[in-house]
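Worksheet: the structure to be examined is printed underneath.
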Amino acid sequence: MSRYDAATIEAKWQQAWDEAEVFRARPDPDRPKYYVLEMFPYPSGNLHMGHVRNYAMGDVVARYKAAQGFSVMHPMGWDAFGLPAENAAIERNIHPGEWTYANIANMKQQFASLGLSLDWSREFATCDPDYYGQQQALFIDFLDKGLVYRKNAVVNWDPVDMTVLANEQVENGRGWRSGALVERKELTQWFFRISEHSEELLTALDGLTDWPEKVRSMQANWIGKSQGLRFAFDLTAPAGGQEKIEVYTTRPDTLMGASFVGISPDHPLARALEAENPEIAEFCAECRRMGTSEADLETAEKKGFDTGLKARHPLDPSWELPVWIANFILMDYGTGAIFACPAHDQRDFEFSRKYGLPIKSVFVPADAPAEAGPEYLDQEEEAFVPAKTDAVRYVMGFAGTPTTGEEGVAAAIAAAESAGWGAGVTQFRLRDWGLSRQRYWGCPIPVVHCEACGVVPEKKENLPVRLPEDVEFDRPGNPLDRHPTWRDVPCPACGAAAKRETDTMDTFVDSSWYYARFTSPGAATPTDRAEADYWMNVDQYIGGIEHAILHLLYSRFFARAMVICGYLPESAKEPFNALFTQGMVTHEIYQTRDDRGRPVYHLPSEVTDGKLENGTEVEVIPSAKMSKSKKNVVDPVAIVTRFGADTARWFMLSDSPPERDVEWTSAGAESAFKHLSRVWRMTSELAAHAEAGGEIGDDDLARATARAIRDVTEGIEGFAFNTSVAKLYGFTNTLHKSKAPNADRVRALRVMAQLMSPMTPHLAEEIWSLLQGEGLVAQATWPKADPALLVEANVTLPIQINGKRKAEISVAKDMPKAEIEALVLAHEAVQKALAGSAPKKLIVVPGRIVNVVV
RNA sequence: GCCCGCGUGGUGGAAUGGUAGACACAGGGGACUUAAAAUCCCUAGGCAAUGCGCCGUGCCGGUUCGAGUCCGGCCGCGGGUACCA
């Protein structure tokens, strides 16, 4: 007997699908449309298992929806701009474009081997001039609508390489190549006005009911709406041209516990003081020798400098608070200035202890001793920070007698407003989106700087503003800046000699509208409205949880901006109807040490039974996300070559729930292959008995088939592909053991082929064809379970005694409660437990369980 | 630091607040085979010892007739933290 030959089967059916153009998306008035999209990949050059998992999931949805009668669009493209191409250019002296397109060609071939139901006719890369030209057109329209503007912002500056660094290029405060201490540097940059949409982006989250709750909650926290008080501390004497310091606080109720006023090193007052005082200049310079990332700033040691200035407390003009510059205060937040209340903020507490500043309690726990007062925390190690809704007792309030923080804040705002020294304001944490990048491999920002006219957008007929090809990466920095001629252009407004902008766009811009471009990838405008109106929204979006905030929030903003500019219908302002976030693919890490004790990593393919080929034992480190640096990667191509794409897909979908991480094990891949081989063997044994349709006559097999249809369908609908896979294992076992006539088993196996087709499409197609199914299984209608076959006559009821299962009874499904109770009470185990007395309680949940409380 | 998740046998995991461990991997036993591979059958949380029992879903506590599931507090791991994508 021949064996399961995945390579032959897969090539055959991939060709058949291509020839029949099965996956070509076309508007169809007779069917509802369904747009499935997986986050497009960065073309690193090689497919990894995370891709296989992500795209296998999307493929299940796309194929299943097609079988359900939808007109499906399932496109694919490339998120092709970004840092790695420039790094490759520097390291290997290859042009970023050449490197990127070679990677795309390679990966596309690998994609093809997986047999995904993709409509490749819509493919594009974000580095295609056609795509980024339309992005430039969008930028110009956004500029016109006031959605983009320029302001100053800080970047990580490498003073040796004279270049801007990404946060990930800063390691322990030093540039990753030069090793130089990184500085913060201010540049004029372009910003999208996303913060103007904070309220809308926040409230609209409530409508995204098919998004994971965790993603909505992360976005809500990121947007960070808060109610607080804005007011000013008057300086006792003007300094640095300032007479007061404006602050924002969400805890105005703690104002009587203030110990100092803190300002950011980038605050205008700090800037002014720097110029006069070398010590302050040195301190601020030290603060600026830090990366710009929030995690770095927040975890760095808290440092401060007493400016010697004093500020008057707004409630007591005779109370003078010292003004400190502190490294943890961000200029981007609120007003860049705070007042510190160490008793009720852990960071302020530590800072105050370090610098010997007073710590006065404003409130104490509700159950604190009656004599507890402002000195309550004197001996404590931590600030007292209860939930805002917890009951507390104010000992130094200034507005009534609130009983919780929440009430205290409201009362403090009301008091400040009526006394006229402060205003309650709503504040958002969300900042405007800085899109300027001082790099070559990105979409050029289509503006020209003219001495006479200022910043002028390029004319749309001159788009795309193409990246020049003749660039060198022999030194750090942006090659666009030093290109001999590229910058020189006439001003689009006056025609005089002018200079192009050399900054390019953040790659998040590229990925913020690609879903819209897929609806009409060749259009001469960013979208074709008829196509966009038809295909939008994305019905199911699938991608990694790592994109929960930035990519998804930016896309939501961009969709709104595109609606404003008329490129999308109003209904598309939330572009993704449903979102699913899948987990990562992980693997054990194999490590040895070199003669200096440094770790050396080994590929799984080099390790057998915990040993290298030369017999050296490796240390096994628990699984982590597959990464090249740890070498815990498995090449999908090798798996596909060895077992076939269906095995790789099947294994990626089995075992782990899609939203959780999955661990790749070679044993798991082998068992997946074994199973598919078994199904194939059953098929080849039964193929001789294949004949035309008809019902399954054998009652048990008919019922098992109906249950399989129900359960597999439920699994797919609920994004629990692992349970669908488990049910298919079970159905295979049933079919294997069934003594039903061959014709019945053929019929059941045909159904199984349909149920398997979203996951293992090639094998399903082969089974379908061997068993003489009609047409392609990829175009067959999804099977329906006969409800009559799903009805069970009897149910097993577990009997619990005091919540612990002790026995069970089998009863008719519709048996009345009273009869069940009688049966239960008569049961031997219950009699024994009751020992003659009556039960305290008898709970009967029909069809579920019985609990006897004794 | 902050925000958001996750934690169940030797392993991956299943389980609308209702029989914890479905399905599978590895393991053990058996069949077939000269033998091996492949395949097929049986077994399988731990302790105890043979019926029956006790313990058990990271740890501590709570709500409930009943908690892996809900609530509070810890511990550990992971994702994000605005220039990685």
Side-chain angles (χ1 to χ4, degrees), chain A residues 3 39-42 44 79 81-84 155-156 164-170 189 194 212-222 224 291-300 302 328 332 346-347 429-439 506-508 510-511 544-551 553-554 581 583-584 586 622 624-625 654-657 659-665 667-668 670-672 674-675 677-678 681 720 722-723 725-730 733 736 796-808 839-843 845 847-853:
Chain A
R3 54 182 188 85
M39 291 178 185
F40 63 167
Y42 180 80
S44 61
D79 189 13
F81 276 135
L83 275 182
V155 294
N156 299 309
V164 176
L165 297 178
N167 282 336
E168 75 157 8
Q169 295 175 318
V170 179
Q189 312 211 55
I194 187 171
E213 189 58 47
K214 61 181 169 185
V215 174
R216 292 192 282 161
S217 140
M218 279 189 258
Q219 291 217 353
N221 287 327
W222 185 261
T292 56
S293 82
E294 195 202 19
D296 282 351
L297 297 178
E298 289 281 339
T299 52
K302 310 293 177 281
F328 58 85
D332 295 320
Q346 188 59 26
R347 188 172 57 187
R429 204 187 78 103
L430 180 64
R431 309 200 294 258
D432 276 336
W433 169 13
L435 67 121
S436 299
R437 295 292 180 272
Q438 296 70 41
R439 304 187 206 294
D506 177 9
T507 55
F508 273 125
D510 311 335
S511 54
I545 185 66
E546 65 271 24
H547 295 293
I549 297 174
L550 294 180
H551 162 62
L553 189 61
Y554 291 158
T581 54
M584 301 174 301
T586 65
K625 179 179 177 170
S654 66
D655 287 359
S656 276
E659 68 277 13
R660 285 244 287 265
D661 292 351
V662 63
E663 176 166 22
W664 181 274
T665 60
E670 274 162 31
S671 83
K674 247 193 240 178
H675 173 76
S677 300
R678 191 176 179 218
R681 265 197 315 279
N722 54 325
T723 61
V725 168
K727 295 299 176 188
L728 283 166
Y729 268 106
N733 290 339
H736 184 75
T796 303
L797 285 186
I799 300 175
Q800 292 183 336
I801 292 168
N802 290 339
K804 296 201 173 187
R805 196 190 72 92
K806 294 289 173 178
E808 60 183 36
K840 281 190 193 148
K841 208 165 185 180
L842 183 58
I843 292 142
V845 186
R848 277 274 167 204
I849 204 164
V850 179
N851 192 9
V852 187
V853 185

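Chain A is the first sequence line, chain B the second, and so forth, proteins listed ahead of strands; every chain is numbered from 1. All of these numbers come straight from a predicted model, not from anything done at the bench.
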Using a heavy-atom cut-off of under 4.0 Å over every strand shown, decide if A:R216 touches base, sugar-phosphate, or nothing. nothing
Rounded P spacing from B:G72 to B:C23 in Å: 35 Å
So what does A:A548 touch, heavy atoms closer than 4.0 Å: a base, only the sugar-phosphate, or nothing? nothing
Would you mind classifying the nucleic acid contact of A:S677 as base, sugar-phosphate or nothing, using non-hydrogen atoms under 4.0 angstrom? nothing
Just wondering, do A:L842 and A:V850 contact through their side chains at under 4.5 Å, heavy atoms? yes
Assign the ring pair A:W433 / A:Y554 to parallel, tilted or perpendicular, where the plane angle (0 to 90°) is split at 30° and 60°. parallel
Using a heavy-atom cut-off of under 4.0 Å over every strand shown, decide if A:W222 touches base, sugar-phosphate, or nothing. base
Separation between the P atoms of B:U69 and B:U19, rounded to whole Å: 14 Å
For atom P, what is the distance between B:G21 and B:G56, given to the nearest Å? 16 Å
A:I801 atom CD1 is separated from B:G53 atom P, nearest whole Å, by 10 Å
Using atom NE2 of A:H736 as one end and atom C1' of B:C42 as the other, report the distance to the nearest whole Å. 14 Å
Between A:R431 and A:E298, which is nearer to the 5' end of RNA chain B once each is assigned its nearest nucleotide? A:E298
From CD of A:Q219 across to P of B:G5 the rounded distance in Å is 14 Å
For the side chain of A:K302 and the backbone of A:A300, is there at least one donor-acceptor N/O pair under 3.5 Å apart? yes
Pick base, sugar-phosphate or nothing for A:L797, based on heavy-atom distances below 4.0 Å to the nucleic acid. nothing
Could you tell me whether A:P212 contacts a base, only the sugar-phosphate backbone, or nothing, with contacts defined as non-hydrogen atoms closer than 4.0 Å? nothing
Are any protein N/O atoms closer than 3.5 Å to N/O atoms in nucleotides 43-47 of chain B? If there are, list each pair with its distance.
none

Heavy atoms only, 4.0 Å cut-off, all strands: where does A:F328 land among base, sugar-phosphate and nothing? nothing
B:G13 to B:U63 separation - C1' atoms, rounded to the nearest Å: 29 Å
C1' atom, B:U11 versus B:A44: distance in rounded Å? 14 Å
Distance in angstrom units between A:L553 CG and B:A82 C1', rounded: 10 Å
B:U43 to B:G9 separation - C1' atoms, rounded to the nearest Å: 15 Å
Interatomic distance where CD belongs to A:E659 and P belongs to B:G12 [whole Å]: 16 Å
Under a 90° cut-off about 0 for the syn range, is B:G9 syn or anti? syn
A:K214 NZ - B:C3 P separation (whole Å): 18 Å
I'd like the P distance from B:A37 over to B:U50, given in whole Å. 37 Å
Would you measure the distance from the C1' atom in B:C55 across to the matching atom in B:A49 and give it in whole Å? 15 Å
Test salt bridge (charged side-chain N to carboxylate O under 4.0 Å, His left out) on A:R429 and A:E294 and set out the steps. CA-CA 13 Å; A:R429 204 187 78 103; A:E294 195 202 19; 3.6 Å; yes
Can you check whether A:K806 reaches A:I799 side chain to side chain, under 4.5 Å on heavy atoms? no
With a 4.5 Å limit on heavy-atom distance, are the side chains of A:D655 and A:V725 in contact? no
Starting from C1' on B:C84, measure out to CD1 on A:I545 and report it in whole angstrom. 17 Å
Looking for any heavy atom pair under 4.0 Å, which part of the strands does A:K302 touch: base, sugar-phosphate only, or nothing? nothing
Among B:A85, B:C54, B:U81, which is the nearest nucleotide to the side chain of A:H547? B:A85
When we call it a touch if two heavy atoms are under 4.0 Å apart, what does A:T299 touch: a base, just sugar-phosphate, or nothing? base
What's the verdict on side chain to side chain donor-acceptor pair (under 3.5 Å) for A:D510 and A:T507, showing C-alpha distance, side-chain angles and the deciding distance? CA-CA 5 Å; A:D510 311 335; A:T507 55; 5.2 Å; no
So, is A:N221 close to the B:C4 phosphate, meaning a side-chain N or O under 4.0 Å from OP1 or OP2? yes
OP1 or OP2 of B:C65 versus the side-chain N and O atoms of A:K841: is any pair under 4.0 Å? yes
Please report the distance, rounded to the nearest Å, between CG in A:L550 and C1' in B:A82. 5 Å
In this structure, which stretches of RNA chain B are paired as stems of three or more consecutive Watson-Crick or G-U pairs, both distances less than 3.5 Å? B:1-7 with B:75-81, B:10-12 with B:23-25, B:27-31 with B:39-43, B:45-47 with B:53-55, B:58-62 with B:70-74
Applying a 4.0 Å non-hydrogen cut-off, can you work out what A:G434 is touching in the nucleic acid: base, sugar-phosphate, or nothing? sugar-phosphate
Determine the minimum heavy-atom distance between A:T581 and A:P212, stating which atoms define it. OG1-CG, 4.1 Å
Under 4.0 Å, heavy atoms only, any strand: does A:Q438 hit a base, just the sugar-phosphate, or nothing? base
Check if the side chain of A:Q169 and the base of B:C84 share a donor-acceptor pair of N or O atoms closer than 3.5 Å. no
Expected string for nucleotides 18-29 of chain B under the B/S/- scheme (protein heavy atoms, under 4.0 Å, primed atoms plus P, OP1, OP2 as sugar-phosphate) is BB--BSSS----
Any side-chain to backbone donor/acceptor pair from A:N156 onto A:L165? Under 3.5 Å, distance only. yes
Reckon A:R660 has a side-chain N or O less than 4.0 Å from the OP1 or OP2 of B:C6? no
Are A:E298 and A:F328 close enough that some pair of their side-chain heavy atoms sits under 4.5 Å apart? no
Quick one: is B:U81 close enough that its OP1 or OP2 comes under 4.0 Å of any side-chain N or O from A:N167? no
Sub-4.5 Å side-chain heavy-atom contact between A:H551 and A:D79: no
Steps toward side chain to side chain contact (heavy atoms under 4.5 Å, CB included) verdict (A:I545, A:V215): CA-CA 8 Å; A:I545 185 66; A:V215 174; 3.9 Å; yes
Reported CG-to-CZ distance for the pair A:N733 and A:R678, which is rounded to 0.5 angstrom: 5.0 Å
Would you confirm whether A:D432, through its side chain, and A:I194, through its main-chain N or O, come within 3.5 Å as a donor-acceptor pair? yes
Closest to the A:V155 side chain, choosing from B:G5, B:C83, B:A82: B:C83
At 4.0 Å (heavy atoms only), tell me whether A:E213 reaches a base, stays on the sugar-phosphate, or touches nothing. nothing
Does A:T299 reach the main-chain N or O of A:A295 with its side chain, forming a donor-acceptor pair under 3.5 Å? yes
